[in-house]
Amino acid sequence: MRIALGVSYNGQAYHGWQSQPGGNTVQDKLEAALGRFAAQEVSTICAGRTDSGVHGLMQVVHFDTDLQRAPNSWVRGTNTFLPKDIAVQWAVEVPDGVEGFHSRACATARRYSYVLLQSPVRPSVDHGRVGWVFQALDGQRMRDAANLLLGEHDFSSFRAAGCQAKSPVKTLNRIDIHYSPAGQAPMRDEQMECGYWRFEFEGSAFLHHMIRNIMGCLIYVGQGSKPVEWMQQVLDARSREVAAPTFSPDGLYFLGPIYDARWGLPGDTPLFAWLP
């Protein structure tokens with residue numbers, strides 16, 4: 001039988017998703033926990049890899065097993081052996097075989113969110129969970145720049161040097177940008193308003209560091225360091241050298257893939273309501 005799992009994790013302590021010799025990745029921890037629960041080796045395939053420090057609200061994986069267990073048993077049993085910052089959210093039995101479910105190949109799109117604190121003071125309680133800027137951002141300028149990236153493009157300017165994707169051509173379906181002021185206390189004239197920005201990305205697939213590199217460029221535009229039209233110049237150049245530096249992984253969350261309804265998988269988890 002084939003089992004699909006929805007997995008959440010705080011990525012601060014791990015070297016990304018993909019298994020490495022040192023064993024300190026989310027995949028390593030998940031497969032070790034599954035192996036202890038199933039009393040046999042379990043190998044997983046994920047919907048999309050995440051980098052060191054990046055969080056996951058609903059990573060989707062699948063694996064094959066001959067062990068017969070109820071879906072909720074997979075959730076509770078696996079979580080017993082997982083670290084406190086990783087948890088299986090749900091389990092669903094899915095079809096296997098040639099026409100069966102595949103967590104990566106069956107995904108029609110993938111979603112990410114970047115949460116950014118705008119404040120003259122660095123993060124503390126939310127350290128590692130949000131990005132940070134200490135200058136005020138212009139939301140409309142960033143939205144205008146983001147619109148230039150929508151559709152199918154060659155995103156080489158936003159691609160990490162070590163990216164293993166076969167093609168730099170990807171399709172961005174949407175980039176939504178929202179701002180939430182923090183608190184009700186009035187600000188003094190010399191202070192800027194503090195709050196949280198949330199950037200929502202949805203696309204067919206993403207290149208290595210693509211969102212973090214886009215974030216760096218959006219922040220340049222939002223701070224007024226570059227004009228809105230500069231984003232088009234960066235895109236057209238197809239060169240990493242012309243873009244902004246790669247932004248911090250701290251506020252980046254993999255919201256998970258999107259699947260056809262026929263697979264019967266959840267579209268979100270309660271964690272989605274937790275983000276600012």
Side-chain angles (χ1 to χ4, degrees), residues 1-97 100-107 110-113 115 125-130 249-259 263-275:
M1 61 191 302
R2 177 163 294 180
I3 303 295
L5 303 178
V7 184
S8 62
Y9 50 90
N10 183 321
Q12 292 181 75
Y14 304 104
H15 298 150
W17 168 266
Q18 188 175 11
S19 181
Q20 296 181 17
N24 191 34
T25 71
V26 180
Q27 184 179 18
D28 289 321
K29 301 300 183 184
L30 176 63
E31 291 184 353
L34 285 167
R36 292 182 67 184
F37 173 65
Q40 59 185 244
E41 185 175 342
V42 176
S43 297
T44 62
I45 296 177
C46 73
R49 302 169 185 171
T50 52
D51 296 333
S52 177
V54 176
H55 315 295
L57 294 194
M58 200 180 71
Q59 173 71 269
V60 176
V61 307
H62 79 264
F63 62 91
D64 295 328
T65 179
D66 56 6
L67 188 65
Q68 299 290 325
R69 291 288 186 275
N72 192 51
S73 180
W74 283 106
V75 175
R76 300 175 112 186
T78 305
N79 284 343
T80 299
F81 300 108
L82 280 170
K84 299 300 184 184
D85 49 7
I86 305 175
V88 176
Q89 298 290 320
W90 51 259
V92 176
E93 183 178 350
V94 291
D96 59 1
F101 175 79
H102 189 285
S103 59
R104 184 175 302 135
C106 291
R110 290 161 178 84
R111 303 164 294 172
Y112 284 85
S113 181
V115 180
V125 174
D126 48 6
H127 168 70
R129 296 179 175 86
V130 298
D250 291 353
L252 184 56
Y253 295 82
F254 181 40
L255 302 185
I258 297 175
Y259 297 109
W263 300 116
L265 302 182
D268 59 23
T269 72
L271 286 169
F272 280 59
W274 169 80
L275 289 181

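All figures in this text were calculated on a predicted structure; none of them were measured in a lab.
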Met58 and Gly6 have their tightest heavy-atom pair at CG-CA, 4.4 Å
Asp51 meets the salt bridge (Lys or Arg N to Asp or Glu O under 4.0 Å) criterion, sequence neighbours left out, with Arg212
If I take atom OG from residue Ser43 and atom CD from residue Glu41, how far apart are they, to the nearest 0.5 angstrom? 5.0 Å
Looking at Asn24 and Ala13, what are the two nearest heavy atoms and their distance? ND2-O, 3.0 Å
Could you verify whether a donor N or O on one side chain and an acceptor N or O on the other, from Ser8 and Gln89, lie under 3.5 Å apart? yes
Please give me the minimum heavy-atom distance between Ala47 and Pro257, naming the atom from each residue. CB-CG, 3.6 Å
Please assess Val115 against Arg129 for the test side chain to side chain contact (heavy atoms under 4.5 Å, CB included), listing each intermediate value before the final yes or no. CA-CA 8 Å; Val115 180; Arg129 296 179 175 86; over 6 Å; no
Hey, could you give me the SG/CG distance between Cys46 and Leu5, rounded to the nearest 0.5 Å? 12.0 Å
Drop me the distance from Thr65's OG1 to Met1's CE, to the nearest 0.5 angstrom. 7.5 Å
Using side-chain heavy atoms (C-beta onward) and a distance below 4.5 Å, is Val42 in contact with Leu30? no
Working to the nearest 0.5 angstrom, can you tell me the gap between His15 NE2 and Thr25 OG1? 9.5 Å
Heavy atoms only: give me the nearest Val7-Ile86 pair and the separation to one decimal. CG1-CG2, 4.0 Å
Using the ring pair (Phe, Tyr, Trp, His ring centres under 6.0 Å) rule, pick out the option among Trp90, Phe37, Phe81 that qualifies with Trp74. Phe37
Which residues pass the ring-ring contact (aromatic ring centres under 6.0 Å, His included) test with His127, not counting sequence neighbours? none
Please tell me whether Glu31 and Thr44 have a donor and an acceptor in their side chains that are separated by less than 3.5 angstrom. yes
My understanding is that only residues two or more places apart in sequence, or in another chain, count here; which of them pass ring-ring contact (aromatic ring centres under 6.0 Å, His included) with His62? His102
Verdict with reasoning, Arg69 to Ile3, per side chain to side chain contact (heavy atoms under 4.5 Å, CB included): CA-CA 10 Å; Arg69 291 288 186 275; Ile3 303 295; over 6 Å; no
Donor-acceptor check, side chain of Asn79 to backbone of Ala87, threshold 3.5 angstrom: yes or no? no
Of all heavy-atom pairs linking His55 and Asp250, the shortest is NE2-O, 2.9 Å
Roughly how far, to the nearest 0.5 Å, is the CD atom of Gln59 from the CD atom of Gln27? 9.0 Å
Closest non-hydrogen atom pair, Ala107 against Ser103: CB-O, 3.9 Å
Under 3.5 Å, which donor-acceptor pairs do the side chains of residues 264-272 form with other protein atoms, sequence neighbours left out?
from   : atom 1 : to     : atom 2 : distance (Å)
Thr269 : OG1    : Leu271 : N      : 3.2

Tyr112: what forms a ring-ring contact (aromatic ring centres under 6.0 Å, His included) with it, not counting sequence neighbours? Phe206, Phe254
Got a sec, which residues hit ring-ring contact (aromatic ring centres under 6.0 Å, His included) with Phe101, two or more places apart in sequence or on another chain? Tyr259, Trp263
d(Asp28 CG, Gln18 CD) to nearest 0.5 Å is 9.5 Å
Are any non-hydrogen side-chain atoms of Asn10 and Lys84 less than 4.5 angstrom apart? no
Donor-acceptor pair between Tyr14 and Asp85 side chains, under 3.5 angstrom: yes
